[in-house]
Amino acid sequence: MEIRLIATQIGDRLKYVTSVNEINRVGQSILKVRKENFTNDSITSVRAQEVYNWIMTLGKTSMTKEDRNQRLVKFCMELAPEEQKGSISEFLIANGCDYNAVNKDHLNEFHSRNYHPEIIKHSKKLFLQQNYFHSVFESAKAFNYSVKQKAQSDKDGQDLMMSVFSLNGVLKLNSGITETEKNVQDGVKFLSGGLMRAVRNPTAHEPALDWPINKQECLDFLSMISFLFHQLEKSIYYNG
């Protein structure tokens, strides 16, 4: 692990988005080491120097590699704003952190939902980075794109879903004869349209900080999108 490089770069990335008090609070509660001072003349920010001191102390303290990994990642993710979590986790991985091993509980939780392969493809990495906002957004976008392709439609978002999954639409889930079959078709239409209205439309126009999604909400949203992907797979294109 490139601990000195990590300490320098993480401090530089976080110096404008946190405070000295917050750095020390998180350091004490997560790193659980007795902080030492490591003078670095190239660091001019007090906050960047505090981050540097904590991480360098962690690197110096005797512990298992897994434990050091875990504490380092938790420290960085706790201090990082939502929009930086993804880039910081990629940086940590590139410099020797076994991020997936540290987050094996998150990985197990993700896979326990038995998601459709498209959810895994578009959202797994973002979920492990704790980037829940974009994890949901990317799967919603992927579903929208897949529906457009199968329906051969130029429409988009809620209008697309309400059109192609309607009783007169081109994507048929069943024969549409019985009342139950009609209700199933309508149900998928409204769920798909609701997804676009609730997730894709707001997230396309608002920053993540104004539309926060926590881990539980992320898992639930992804389960819904996974269900809709399976329904899309079962649908038959019919333009009669």
Side-chain angles (χ1 to χ4, degrees), residues 82-83 85-87 106-240:
E82 189 67 28
E83 65 270 19
K85 289 184 187 294
S87 62
H106 291 290
L107 185 63
N108 290 339
E109 195 167 9
F110 182 87
H111 283 304
S112 71
R113 297 287 184 120
N114 195 27
Y115 289 131
H116 186 278
E118 287 295 307
I119 301 295
I120 297 172
K121 175 182 176 182
H122 294 282
S123 293
K124 176 181 173 181
K125 181 178 179 181
L126 290 164
F127 179 82
L128 291 179
Q129 293 170 352
Q130 301 177 43
N131 196 340
Y132 304 131
F133 172 88
H134 285 102
S135 180
V136 172
F137 186 34
E138 289 304 313
S139 276
K141 284 200 307 182
F143 178 69
N144 182 78
Y145 177 79
S146 295
V147 172
K148 282 173 67 77
Q149 293 295 105
K150 188 163 188 177
Q152 302 175 35
S153 175
D154 293 329
K155 293 184 178 182
D156 191 63
Q158 186 179 25
D159 289 342
L160 169 71
M161 305 304 166
M162 300 302 283
S163 171
V164 303
F165 285 119
S166 70
L167 294 177
N168 297 319
V170 297
L171 297 184
K172 307 295 186 183
L173 296 166
N174 49 56
S175 63
I177 296 175
T178 68
E179 194 64 26
T180 297
E181 288 174 335
K182 292 177 181 178
N183 288 339
V184 169
Q185 185 78 35
D186 267 347
V188 171
K189 175 186 72 175
F190 287 120
L191 282 174
S192 301
L195 171 70
M196 294 297 108
R197 187 173 180 85
V199 176
R200 188 171 179 273
N201 291 348
T203 54
H205 301 100
E206 298 180 14
L209 290 177
D210 293 337
W211 207 83
I213 299 176
N214 62 36
K215 183 175 73 170
Q216 185 59 51
E217 291 168 339
C218 174
L219 290 167
D220 291 343
F221 267 125
L222 293 180
S223 289
M224 175 185 175
I225 303 172
S226 179
F227 167 78
L228 292 174
F229 264 118
H230 284 295
Q231 299 309 302
L232 177 62
E233 275 190 350
K234 293 192 298 185
S235 70
I236 296 174
Y237 177 83
Y238 177 76
N239 191 4

**Request:** Drop me the distance from Leu219's CG to Ile213's CD1, to the nearest 0.5 angstrom.
**Result:** 11.0 Å
**Prompt:** Partners of Lys172 by salt bridge (charged side-chain N to carboxylate O under 4.0 Å, His left out), sequence neighbours excluded?
**Reply:** none
**Residues forming a side-chain contact (heavy atoms from CB on, under 4.5 Å) with Ser112, sequence neighbours excluded** = none
**Request:** Rounded to the nearest 0.5 Å, what's the gap from CG on Leu222 to OG on Ser123? Could you check?
**Result:** 5.0 Å
**Request:** Quick one: list whatever passes side-chain contact (heavy atoms from CB on, under 4.5 Å) with Asn239, sequence neighbours left out.
**Result:** Val170, Tyr237
**Message:** Can you tell me how far apart OG (Ser135) and NE2 (His122) are? Round to the nearest 0.5 Å.
**Reply:** 11.5 Å
**Item:** Heavy-atom pair with the smallest gap, counting every atom of Met224 and Leu191
**Value:** CE-O, 3.2 Å
**Request:** Would you please name every residue forming a side-chain contact (heavy atoms from CB on, under 4.5 Å) with Leu167, sequence neighbours left out?
**Result:** Lys182, Gln185, Asp186
**Prompt:** Are the side chain of Ser146 and the backbone N or O of Ala142 linked by a donor-acceptor pair below 3.5 Å?
**Reply:** yes
**Item:** Contact list for residues 230-240, test salt bridge (charged side-chain N to carboxylate O under 4.0 Å, His left out), sequence neighbours left out
**Value:** none
**Within 6.0 angstrom of Asp154 CG, more than 12 heavy atoms from elsewhere** = no
**Request:** Over all heavy atoms of both residues, which pair between Val136 and Ile225 is shortest? Give the atoms and the distance, please.
**Result:** O-CD1, 4.0 Å
**Message:** So, using salt bridge (charged side-chain N to carboxylate O under 4.0 Å, His left out) as the criterion, who are the partners of Glu138 when residues are at least two apart?
**Reply:** Lys141
**Request:** Report the residues that fulfil side-chain contact (heavy atoms from CB on, under 4.5 Å) with Lys148, sequence neighbours left out, ordered by chain and then residue number.
**Result:** Asn144, Asp156, Leu160
**Asked** His116: what forms a ring pair (Phe, Tyr, Trp, His ring centres under 6.0 Å) with it, not counting sequence neighbours?
**Response** Phe229, His230
**Asked** Does Tyr115 have any ring pair (Phe, Tyr, Trp, His ring centres under 6.0 Å) partners at least two apart in sequence or in another chain, and if so, which?
**Response** Phe110
**Prompt:** salt bridge (charged side-chain N to carboxylate O under 4.0 Å, His left out): which pairs involve residues 215-232, sequence neighbours left out?
**Reply:** Glu109-Lys215, Arg113-Asp220
**Request:** Taking side-chain hydrogen bond (donor to acceptor under 3.5 Å, both in side chains) as the test, write out the residues that go with Lys121, two or more places apart.
**Result:** none
**Prompt:** Got a second to check how far Leu228's CG is from Glu118's CD, nearest 0.5 Å?
**Reply:** 13.5 Å
**Prompt:** How many angstroms lie between CZ in Arg197 and CE in Met161, if you round to the nearest 0.5 Å?
**Reply:** 14.5 Å
**Message:** Using a 3.5 Å distance criterion without hydrogens, assess whether the side chain of Ser192 forms a donor-acceptor pair with backbone atoms of Val188.
**Reply:** yes
**Fill in**
Sorted by chain and number, sequence neighbours left out, side-chain hydrogen bond (donor to acceptor under 3.5 Å, both in side chains) with Ser235 holds for Lys150
**Message:** If I take atom CZ from residue Phe137 and atom CZ from residue Phe221, how far apart are they, to the nearest 0.5 angstrom?
**Reply:** 13.0 Å
